[in-house]
Amino acid sequence: MPGDATALSRGVVRDLLYQGFQARFLAGGAAKSAGMPFGVDIRTVAMARAMRHSSDGKGDLCSAGHLAPGPMLAFGATPLEFLRQLGRKGTAPAAARSGGRSWTDLRRGLIGWDGPPGTMTQVLAGVALAFAQRGQDRAALVFEEFAATETGGWHEGMNFAAAQAAPLVVVLDAARGAGDAGEGAADAIARGYGVDAATVSREAYPELFRTVADARRRAVQGRGPSLIAMLPRDQDDPWALHDAFVAWARDEAGVGRGEVKAIERAASAGVDHAFHRLDKEPEAAADDALVPVCTHDVPQPAWTRRTPPEPGWRATAEPQGFHDVR
Amino acid sequence: MPGDATALSRGVVRDLLYQGFQARFLAGGAAKSAGMPFGVDIRTVAMARAMRHSSDGKGDLCSAGHLAPGPMLAFGATPLEFLRQLGRKGTAPAAARSGGRSWTDLRRGLIGWDGPPGTMTQVLAGVALAFAQRGQDRAALVFEEFAATETGGWHEGMNFAAAQAAPLVVVLDAARGAGDAGEGAADAIARGYGVDAATVSREAYPELFRTVADARRRAVQGRGPSLIAMLPRDQDDPWALHDAFVAWARDEAGVGRGEVKAIERAASAGVDHAFHRLDKEPEAAADDALVPVCTHDVPQPAWTRRTPPEPGWRATAEPQGFHDVR
Amino acid sequence: MSGELPPQVTRTREGRPATFLEAIAEALWEEMERDSRVFLMGEDIGSYGGAFKVTRGFLDHFGQSRIIDTPISEGGFTGAAAGAAHMGLRPVVEMQFMDFISPAYDVLTNYIATSLYRGAGPLPIVVRGPVGGGNRGGPFHSQNVEMAFFHTPGLKIVYPSTAADAKGLLKSAIRDDNPVIFEEHKGLYRAPHCREKLPADDHVVPLGKARVAMEGEDLTIVTYGLMVHRSLEAAATLARDRVRVEVIDLRTLLPLDEDAIVASVQKTGKLLIVHEDTRTGGIAGEIAMRINERAFEWLDGPVLRVTAIDSPVPFSGALEDYFLPSVADVVTAGRYLVNY
Amino acid sequence: MSGELPPQVTRTREGRPATFLEAIAEALWEEMERDSRVFLMGEDIGSYGGAFKVTRGFLDHFGQSRIIDTPISEGGFTGAAAGAAHMGLRPVVEMQFMDFISPAYDVLTNYIATSLYRGAGPLPIVVRGPVGGGNRGGPFHSQNVEMAFFHTPGLKIVYPSTAADAKGLLKSAIRDDNPVIFEEHKGLYRAPHCREKLPADDHVVPLGKARVAMEGEDLTIVTYGLMVHRSLEAAATLARDRVRVEVIDLRTLLPLDEDAIVASVQKTGKLLIVHEDTRTGGIAGEIAMRINERAFEWLDGPVLRVTAIDSPVPFSGALEDYFLPSVADVVTAGRYLVNY
Ligand SMILES: Cc1ncc(C[n+]2csc(CCOP(=O)(O)OP(=O)(O)O)c2C)c(N)n1
Ligand SMILES: Cc1ncc(C[n+]2csc(CCOP(=O)(O)OP(=O)(O)O)c2C)c(N)n1
Ligand SMILES: [Mg+2]
Ligand SMILES: [Mg+2]
């Protein structure tokens with residue numbers, strides 16, 4: 001395992017605990033009202049840790065997808081941000097104009113999407129193309145639900161990345177536990193594009209990390225994209241892998257029992273603080289809906305609704321009865 | 001080779017000769033003015049002969065694609081129809097409202113398309129689905145240019161056919177001689193869908209026939225679609241395979257030298273006749289453009305153009321100066 | 001086939017009022033019973049019964065060959081529907097949310113809509129699914145899709161506003177030989193005020209004919225879908241000022257029932273168009289144009305419109321409510337126009 | 001990089017008049033020289049030089065990383081353009097024919113158009129290519145695509161009518177931070193009457209501003225693209241009857257230069273809209289609506305339109321000519337309106 005295993009493990013433990021505490025929020029019903037299950041899968045966090053993170057817009061890019069937004073934690077998203085997003089707060093990314101469990105912050109390498117599967121493989125292929133064009137040591141990572149492979153859009157993105165040998169790592173995510181990704185499926189698909197493939201199942205953290213780190217290294221060396229499929233994890237206990245990893249970090253990766261406890265306390269306090277603060281934050285303001293859709297548009301309220309027609313547009317008489325409704 | 005080899009070979013010889021004589025039309029410039037090269041590839045004709053033809057709407061269906069419309073001959077299209085289509089005659093299928101080298105006649109099993117590649121794999125997958133739903137002994141055959149595999153639409157069609165085990169045979173056509181279909185490419189793609197694959201190169205007629213006949217048999221038995229890739233043929237002499245086949249039919253398949261000559265004379269006379277007749281046929285009439293786009297629409301000319309506005313629509317004065325322009 | 005009928009298709013047989021959603025389910029069920037060529041395709045419509053449970057119980061009754069669960073590939077299975085229609089079947093395709101019709105835009109506009117014109121024969125296909133905002137679904141689960149297709153000759157577009165119309169129009173759409181886009185507003189699916197007793201006989205409402213939802217002399221409101229209800233509410237408010245509003249429910253957007261609009265405007269002289277869809281490029285434009293062409297002399301004021309604002313559908317409830325046209329907006333514009 | 005410039009980008013440097021197509025090539029070349037973030041993607045644009053040879057010689061000069069030959073996957077490479085734009089590049093995407101933009105409909109309307117609103121930042125992407133009929137291309141190589149996108153907030157649509165505008169507007173589109181659909185009429189590409197000397201300095205024409213192509217007092221014709229030329233011909237015919245026509249060339253369709261149209265209608269009182277695109281759901285509707293909203297009192301006659309008929313573009317020349325709006329059609333409608 002490359003780099004400082006202990007430090008990396010420490011980071012993942014932190015991410016995992018954040019995820020765990022956020023789950024409370026869901027249990028409390030807030031996510032239900034937001035209409036979306038919140039996937040938890042240690043493996044996605046571990047994999048995202050194998051990328052190069054930075055908060056200055058010079059690191060790797062990651063699209064965490066719909067299922068398990070854990071990778072966003074690895075890329076610097078905070079619990080408070082998730083809570084704001086799910087809670088539709090005015091302080092949320094994009095002032096709650098867009099939903100989902102992920103949002104975009106290009107400086108931290110976060111790129112979010114709440115729409116059709118497959119699209120982000122196209123978009124991240126283009127991101128990766130830009131890295132390659134500039135000869136940068138950067139790569140893109142996209143998590144797609146396995147069903148994305150059913151869409152033509154995903155194929156076009158994958159084929160484009162392969163044709164351009166773009167530094168892209170595509171993970172087919174089974175975080176929601178769907179039994180789609182049969183053993184060998186990713187291999188078969190990858191062969192059609194002539195790209196490398198791997199399948200991960202219940203591997204321990206070092207293997208997960210190494211699989212992505214290897215794919216990333218090949219990618220930035222110009223050896224093209226890779227396709228990594230996750231096999232579904234145990235549906236019965238979504239936390240089993242999670243607990244196993246914490247145990248591993250503590251007992252084998254040198255993080256230590258006391259340190260795990262300390263991280264746990266800090267994460268808990270952080271999430272508590274976030275909840276506390278969230279309560280005081282305002283809902284999005286109604287007319288935030290009016291922000292421009294193009295960069296230099298002047299937002300124009302439709303005149304029959306909130307403002308009277310332009311003066312002079314009618315020559316013969318003053319508008320009447322216009323202001324008495326609301 | 002199943003069935004009566006001699007009779008089948010006889011049919012193919014006829015188709016080939018038709019193709020050959022039509023090439024004269026192109027040399028004469030008519031196809032150039034129609035803006036399209038006319039692909040000639042014996043192999044597509046031979047493959048189409050392996051399907052079940054009928055003119056009562058109960059046989060197999062074939063989409064010959066853009067490249068080599070030869071398979072349409074096998075399904076009963078006549079040289080005169082091709083010439084009308086290319087010549088934009090009013091007698092052409094659909095009165096020259098749609099172009100391309102193929103058109104639709106469902107009774108004969110012809111289904112044409114002049115638009116984006118990939119689409120017909122979707123459509124024929126649905127045709128095949130209908131056959132399967134009714135338990136009929138029918139299958140669908142689609143020729144796509146190899147580039148269709150780059151489109152997401154083609155993947156969605158192929159995946160749908162595979163998921164439904166629809167009786168569909170997909171041929172990736174290299175008739176225009178493009179060097180796209182590398183050995184093994186179809187295999188690799190087919191694996192992703194779990195369907196059977198084959199590659200044909202310069203095989204003699206019996207092998208071409210057998211490949212499709214086998215795929216058809218598996219298909220109607222409910223064993224799903226097949227993907228057949230054609231490797232590019234010799235670019236230098238597009239007629240080499242053609243001549244080789246005629247020689248084979250004559251010398252080995254029992255058609256006989258005299259008989260080949262007779263077919264040749266008949267085909268030549270038929271094509272001559274078609275040219276002759278074509279000359280006398282009218283161009284499409286301008287207002288054929290006005291046929292309805294929905295079944296029971298009354299076609300409505302836009303009133304500001306060919307007809308005056310409805311009487312009474314203007315209360316104050318008669319329209320003036322309306323009829324003096326054209 | 002199992003003997004028991006799923007509850008959502010039995011309301012009319014039992015003489016009970018049906019919701020809009022149940023009316024849709026009844027139409028599908030009855031047409032599948034009536035005509036073995038009709039079959040359904042869509043994501044999770046089989047054992048799962050569909051995202052909104054419209055087709056719950058259909059798989060058991062009609063079997064796998066007529067209730068087809070598809071991969072996520074709206075373009076691919078809509079293209080397959082075209083092929084099945086060529087062969088004489090009558091596919092009804094469900095989009096899980098109509099927002100997801102966009103990957104099928106190519107095959108719908110290029111292949112399916114042009115088929116008759118190209119001499120390839122008519123394609124009797126219905127593409128149906130939930131549309132519309134107010135559900136906090138954000139930009140990808142709230143769209144109205146009519147204007148993506150309104151410009152394409154060869155397609156029909158239907159958008160019912162009542163349970164009875166939903167049933168009658170869907171039956172007509174399935175029997176129509178042409179491709180029909182059929183929009184069902186999520187806000188009507190289970191709305192209590194949309195629950196009504198449906199005619200017990202084979203209830204068919206012809207395509208292409210608008211409905212006068214309320215008669216009046218002073219102002220014409222042309223609208224459709226959920227906005228019919230908003231407009232009727234606004235009309236009730238205006239009635240308190242003795243303003244008599246005529247509300248026309250288009251029911252079919254393409255072909256547009258121009259005659260019905262012209263007749264009403266010739267009576268009232270004032271026209272307000274209300275649509276939930278965004279403003280620029282919305283259907284109000286085509287209606288204004290047609291009225292200019294055919295009834296300009298009868299206009300006693302400008303043709304005006306109340307619509308959503310020009311942006312994607314926002315996620316937050318406060319933003320979405322602001323984005324959508326409200327009853328108050330309709331009242332404001334209506335009063336303005338009446339006093340013009 | 002090779003020292004010799006491809007001929008189609010040197011007309012202005014050599015002080016010679018350029019065709020519309022050469023103007024496009026010059027704009028691309030100059031913007032690529034000026035800004036290393038600009039790059040091109042499309043089918044066969046590299047060594048083949050593009051279906052219309054717009055980019056002939058570009059590959060040699062700019063190299064493979066900035067002239068990217070793509071697979072046939074309009075959705076996929078348009079999506080990739082979005083990613084590259086996120087990273088600060090400025091992709092210019094060529095559709096071989098704009099008809100083939102339809103597989104990219106999903107990613108353009110859902111991902112790209114909504115990016116700024118979703119807080120993901122603006123996406124400076126130009127999608128350009130040949131449009132329009134009259135080339136005997138049949139239904140899949142002749143379409144105008146503006147109405148597929150006109151309804152989508154977040155996109156801009158540009159449709160130039162002259163060589164100078166083609167160059168100036170394309171440069172503006174590339175510099176614009178928003179996604180722009182850029183339509184180039186094939187009938188103008190090599191039209192001799194469109195050949196003109198272009199301003200030798202960095203010629204930029206702002207988006208969103210219409211142009212008065214001819215001044216007049218009696219009738220306003222609002223139009224764009226090839227129809228500007230048809231309308232000017234019609235205006236010349238009408239001038240022989242002393243009818244003074246004002247011809248407005250929209251140049252940008254979205255955002256629409258409403259002020260320019262209103263100002264003209266306030267002068268003439270009569271408005272005729274001419275578009276090559278099919279009739280129902282065409283842009284004429286939105287213009288009629290805006291004029292109703294803002295200049296109804298100035299109208300001395302109905303807003304009328306001359307357009308193609310409601311069908312796919314027919315293949316045969318005779319049919320296509322009938323389908324397309326002609327000079328005579330514009331004269332007929334113009335005369336009718338002036339005498340109204
Ligand atoms: C274009 C498009 N079609 C349909 C949907 C709706 N949709 C979202 S996820 C999903 C199913 C995903 O299946 P899978 O990857 O197997 O995940 P699972 O839900 O089984 O865990 C569907 C149909 C969508 N978001 N976009
Ligand atoms: C959606 C779409 N995009 C682009 C085109 C234009 N087009 C037609 S054939 C073709 C190239 C086909 O390549 P290939 O299969 O390799 O055939 P070749 O021309 O090389 O023989 C292109 C780009 C199209 N018809 N449809
Ligand atoms: Mg699943
Ligand atoms: Mg090729």
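Heavy-atom basis, side chains included; hydrogens, waters and symmetry copies ignored. So that the names make sense, note that chain A is the first sequence line, chain B the second, and so on, each numbered from 1.
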Enter the distance from Arg97(B):CZ to Phe323(D):CZ here, rounded to the nearest 0.5 Å.
-> 13.0 Å

Measure the CZ-CD distance between Arg88(B) and Glu320(D) for me, rounded to the nearest 0.5 Å.
-> 8.5 Å

At a heavy-atom separation under 4.5 Å, does Ala95(B) approach chain D through its side chain, its backbone, both, or neither?
-> backbone

Using non-hydrogen atoms and a 4.5 Å limit, figure out which bit of Ala92(B) sits close to chain D: side chain, backbone, both or neither.
-> neither

Does any backbone or side-chain atom of [X] lie under 4.5 Å from a heavy atom of chain B? Answer side chain, backbone, both or neither.
{"X": "Pro139(D)", "result": "side chain"}
{"X": "Val338(D)", "result": "neither"}
{"X": "Asp310(D)", "result": "backbone"}

Locate the shortest heavy-atom distance separating Ala284(B) from Leu319(D); write the atom from each residue and the value.
-> CB-CD1, 3.2 Å

Looking only at non-hydrogen atoms, find the nearest pair between Ser311(D) and Ala289(B) and report the distance.
-> OG-O, 4.1 Å

Residues two or more places apart in sequence or in another chain: which of them pass ring pair (Phe, Tyr, Trp, His ring centres under 6.0 Å) with Tyr224(D)?
-> Tyr159(D)

Return the set of residues passing side-chain contact (heavy atoms from CB on, under 4.5 Å) with Ala236(D) (not counting sequence neighbours), or none when no residue passes.
-> none

More than 12 foreign heavy atoms under 6.0 Å from CD of Gln64(D): is that the case here?
-> no

